[in-house]
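Remarks on the structure that follows.
Note that the coordinates shown come from a computational prediction; the quantities given were computed from them, not determined experimentally. Hydrogens, waters and symmetry mates are skipped; everything else that's a heavy atom, side chains included, is used.
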Amino acid sequence: MVKFSKELEAQLIPEWKEAFVNYWQLKKQIKRIKLSRVPKLSLHVEADFGRSIFDSLHLFAKKFTNKLSGSNNDNFNIIKVRKKTMNGSEEEIYETELAQLFSEEDEVRVFFVRLDEELNKVNQFYKRQEGEFVERGETLNKQLQILLDLKQIINDRRRKNSTPKATTNTDIFSRSPARNSDYSESLGDSDETNSENSQTEEVIITTLEKNGISFVNSATRTKTKKGKPKMAIRIDVPATNPTRAITAITSMLWEDLVNNPTGEFIHKRKIQCAEKMIRSAFVELYRGLGLLKTYSTLNMVAFSKILKKFDKVSCQKASANYLKEVKRSHFVSSDKVVRLMDEVESMFTMHFANNDRKKAMKFLRPQQHKDSHMTTFLAGLSTGCFVSLFSVYAILAHLCGIFSTSKEPAYMEYVYPVFSVFALLSLHLFMYGCNLFMWKSTRINYNFIFEFSPSTALKHRDAFLICTTLMTTVVGAMVVHLLLRAAGFAPSQIDAIPGILLLCFIVLLICPFDIFYRPTRYCFIRVIRNIVCSPFYKVLLVDFFMADQLTSQIPLLRHLETTGCHIFAGIFKTHHPDTCHSGRLYMEITYIISFLPYYWRALQCVRRWYDDGDVNHLANMGKYVSAMVAAGARVTYSRVDNLQWFCVVLITSAVATLYQLYWDFVKDWGFFTRNSRNPLLRDDLILKNNSVYYMSMAFNVILRVTWVETVMHFKVGPVQSRLLEFLLASLEVIRRGHWNFYRLENEHLNNVGRYRAVKTVPLPFRETDSDW
């Protein structure tokens with residue numbers, strides 16, 4: 001049987017952990033009560049010797065007398081719980097008084113003081129969250145009503161246009177208000193048209209004001225400080241995708257109706273966008289209400305369990321009165337959450353699921369993907385195949401002598417870049433799988449942080465399966481390649497195998513069929529698109545998190561450059577590798593590739609500064625600019641080996657490394673907090689062993705300075721140079737995977753500190769113009 005403490009630890013909401021009953025502290029206090037009873041019980045046993053046999057008769061008579069006098073309920077009245085109202089506020093607090101002395105009075109008093117503190121904390125948190133959700137529900141109800149009214153207006157307009165008496169461009173929506181600062185122009189060409197315009201405007205204005213939305217028409221528009229007209233109701237429409245967080249404000253639906261009387265597609269698209277936003281907000285509201293209901297249930301069970309333990313230790317039935325007060329408290333007795341959940345279910349079913357409750361529940365209560373034993377089996381099978389094939393490849397490579405510079409100098413030029421791309425990608429996937437496993441083990445809510453759907457999000461077993469399957473396929477292709485070479489095929493005939501494998505991988509990545517984790521593949525493509533077009537998209541955490549991953553995969557991008565050169569320049573036929581290593585165009589592209597990940601990340605920092613106004617984003621941009629300078633200097637030094645460039649590389653790389661280390665430890669990981677109870681760390685740590693953090697800091701420093709090897713120019717052969725290059729690239733990938741855990745741990749703790757467990761979805765309609 002699982003202990004309740006472990007069950008509570010497994011079921012509580014991580015972001016609200018501090019708001020739950022501190023069950024473990026109360027257990028420790030009960031243990032102190034138990035320990036304080038031990039010496040007194042021993043004294044009581046020693047005092048039993050020498051008693052008279054008539055003492056038992058006196059005890060029986062006393063109990064019988066108490067029973068007749070009705071004092072048999074004294075055990076239930078030895079504590080009194082009082083409810084008080086704080087001065088100057090409506091908050092109610094509970095205070096417990098001991099109506100009867102315990103043999104361990106001091107410890108018992110401390111226990112009930114702490115129990116009162118926990119009950120008051122739970123009540124206050126529940127009231128605060130309940131009020132926020134109720135207010136959110138009222139706002140969503142208004143938003144939904146506005147949406148329904150607007151849809152009704154558009155439908156009426158469409159039916160009117162479809163009648164035999166078709167309206168022309170002189171109809172009520174045919175003329176738009178003037179776009180300059182002078183709004184004295186007429187809205188119509190005739191008195192009849194103006195009359196119809198006024199009637200329709202009044203209908204829309206009345207509809208909006210009925211839902212608490214103020215509207216300013218074209219004749220009475222207010223102006224902003226810059227002199228631009230401002231409307232009191234607008235629609236927030238995403239520039240690209242309704243599923244992304246939306247901040248770009250576009251034209252109001254009213255203006256579209258006025259300017260585009262026949263633009264039914266535009267109207268429909270914007271209405272659908274607003275509908276998706278409101279639907280997502282309802283889903284998040286329902287999820288939050290479910291979490292609050294779970295919060296109430298777990299805390300109620302925690303109080304009952306701890307009071308039972310107290311009765312058992314104190315040998316009294318003292319918890320009955322206190323438990324009654326707990327059941328009467330707001331977090332247990334309030335039914336607002338349950339009623340609001342029922343209302344959300346009914347409204348969602350009616351307006352977003354065509355009265356199909358089963359369909360509505362798929363949105364409101366999505367079923368999480370259960371871990372399959374088949375996934376584990378396939379991952380293990382792929383691992384075994386990979387080990388076997390790699391052993392075969394090592395033997396064949398030794399027999400063929402492909403690593404001998406005198407026999408096969410071209411193998412490392414044509415085949416190595418492609419296979420190293422897959423190896424580095426697989427290693428990164430493996431590290432990501434380890435991250436997923438650690439985040440799950442430590443209760444870090446990575447799906448909420450990344451805004452992934454729990455039903456389609458990648459699990460650690462899935463990541464391991466993708467990694468092992470990919471490497472098994474790649475090593476299998478390498479074995480086939482060597483077997484064909486051993487069979488006498490010319491290199492020009494079979495060296496295209498790595499390129500074909502790369503093209504197959506790209507085709508699988510963009511495959512539209514629902515196979516091989518399509519939601520994950522498409523999410524990856526969307527994030528890459530957002531990174532490439534960084535200035536034009538609002539930057540989400542998953543975007544800059546992936547951009548940081550790309551900064552650690554610059555060797556992979558450079559190998560892709562070499563592979564593309566071989567494929568598209570026809571090098572597999574001519575076998576002149578110098579074309580792809582010494583050409584001017586190739587060198588320029590090398591600089592661009594070395595800069596691109598840092599450049600994209602710097603643009604993301606600029607966009608975040610533009611959106612948030614936080615200067616720290618500009619300071620973060622400086623880190624990536626310094627990394628760009630250092631990367632360019634190292635690329636130049638690899639081609640121009642002299643003392644001057646050596647000094648430039650040394651200075652720029654040292655400055656960039658110090659900048660990066662500071663940002664890693666202070667900003668990304670949250671270490672070096674002043675007056676922290678954990679020296680050089682932060683106050684809150686997820687891992688219990690502090691030494692792990694210190695070792696991680698040292699590990700990060702060591703891997704940050706691996707660039708020193710690239711400027712030393714050790715005298716090694718071409719094969720050893722390639723292997724050393726691959727080793728350094730692998731170490732950087734490992735460092736990035738190591739960095740990922742602490743970066744997300746810090747983000748999770750920030751959410752915990754702010755009790756953020758539910759995503760706040762932006763709404764399409766704004767009620768007042770004070771928000772902008």
Side-chain angles (χ1 to χ4, degrees), residues 12-17 19 125-148 235-238 241-247 272-296 336-353 357 359-369 444-457 519 523 526 538 540-543 747-748 750-767 771:
L12 60 79
I13 300 153
E15 290 78 8
W16 294 352
K17 184 176 181 180
F125 179 81
Y126 187 88
K127 287 180 181 179
R128 185 166 62 252
Q129 293 294 326
E130 183 185 65
E132 291 178 1
F133 286 135
V134 169
E135 183 180 357
R136 186 73 172 175
E138 293 174 354
T139 303
L140 283 179
N141 193 11
K142 284 184 179 181
Q143 297 271 327
L144 179 60
Q145 190 60 45
I146 296 168
L147 177 67
L148 295 176
I235 292 185
D236 292 346
V237 180
N241 195 332
T243 62
R244 293 176 54 81
I246 300 169
T247 56
Q272 287 177 346
C273 175
E275 185 175 359
K276 287 183 179 180
M277 295 171 69
I278 296 176
R279 183 183 65 187
S280 299
F282 268 109
V283 171
E284 289 299 319
L285 174 62
Y286 190 83
R287 179 175 175 269
L289 293 171
L291 293 178
L292 196 58
K293 185 178 178 182
T294 302
Y295 174 83
S296 173
K336 289 183 180 180
V337 170
V338 177
R339 287 192 285 108
L340 187 55
M341 289 182 72
D342 293 338
E343 292 177 6
V344 171
E345 286 182 10
S346 60
M347 293 175 66
F348 195 92
T349 303
M350 180 185 302
H351 300 293
F352 299 104
R357 179 176 172 79
K359 180 181 178 181
M361 288 299 103
K362 288 183 179 180
F363 284 96
L364 297 176
R365 298 178 185 173
Q367 297 293 329
Q368 293 190 4
H369 176 68
I444 293 177
N445 195 353
Y446 60 91
N447 285 333
F448 172 67
I449 295 174
F450 288 136
E451 299 183 15
F452 290 160
S453 173
S455 58
T456 58
C523 178
R526 284 196 303 269
K538 179 177 174 62
L540 303 181
L541 189 144
V542 66
D543 296 333
E747 188 70 24
H748 173 76
N750 289 333
N751 289 337
V752 171
R754 300 175 186 177
Y755 299 106
R756 292 186 300 193
V758 181
K759 182 175 62 175
T760 301
V761 179
L763 299 175
F765 308 110
R766 296 185 179 180
E767 300 188 23
D771 293 334

Quick check: closest heavy atoms across [X] and [Y], and the distance to 0.1 Å?
X    : Y    : result
I444 : H748 : CG2-CB, 3.8 Å
E284 : K759 : OE1-N, 3.3 Å
V752 : P14  : CG2-O, 3.5 Å
P762 : M277 : O-CE, 3.2 Å
A757 : I13  : CB-CG2, 4.1 Å

Tell me if a side-chain donor or acceptor on [X] pairs with a main-chain N or O of [Y] at a distance below 3.5 Å.
X    : Y    : result
Q143 : F765 : yes
D543 : L540 : yes
S346 : E343 : yes

[atom1]-[atom2] distance between [X] and [Y], expressed to the nearest 0.5 angstrom:
X    : Y    : atom1 : atom2 : answer
L340 : L140 : CG    : CG    : 9.5 Å
L144 : T139 : CG    : OG1   : 12.5 Å
E747 : N445 : CD    : CG    : 11.5 Å
L292 : M341 : CG    : CE    : 9.5 Å
E132 : L285 : CD    : CG    : 11.5 Å
Y286 : M347 : OH    : CE    : 14.0 Å

Q) Should the pair Y755 and F125 be assigned to parallel (<30°), tilted (30 to 60°) or perpendicular (>60°) ring geometry? A) tilted

So do the side chains of [X] and [Y] get within less than 4.5 Å of each other, counting heavy atoms only?
X    : Y    : value
L147 : R279 : no
Q129 : W16  : yes
I278 : F282 : yes
R754 : E15  : no

In short, salt bridge (Lys or Arg N to Asp or Glu O under 4.0 Å) pairs touching residues 359-368 with sequence neighbours left out are E345-R365

Ring centroid separation for F352 and F348, is it under 6.0 angstrom?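 Yes, ring centres under 6.0 Å apart.
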
**Asked** Excluding sequence neighbours, so at least two apart, what forms ring-ring contact (aromatic ring centres under 6.0 Å, His included) with F133?
**Response**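 If we apply the ring-ring contact (aromatic ring centres under 6.0 Å, His included) test to F133, skipping adjacent residues, there are no hits.
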
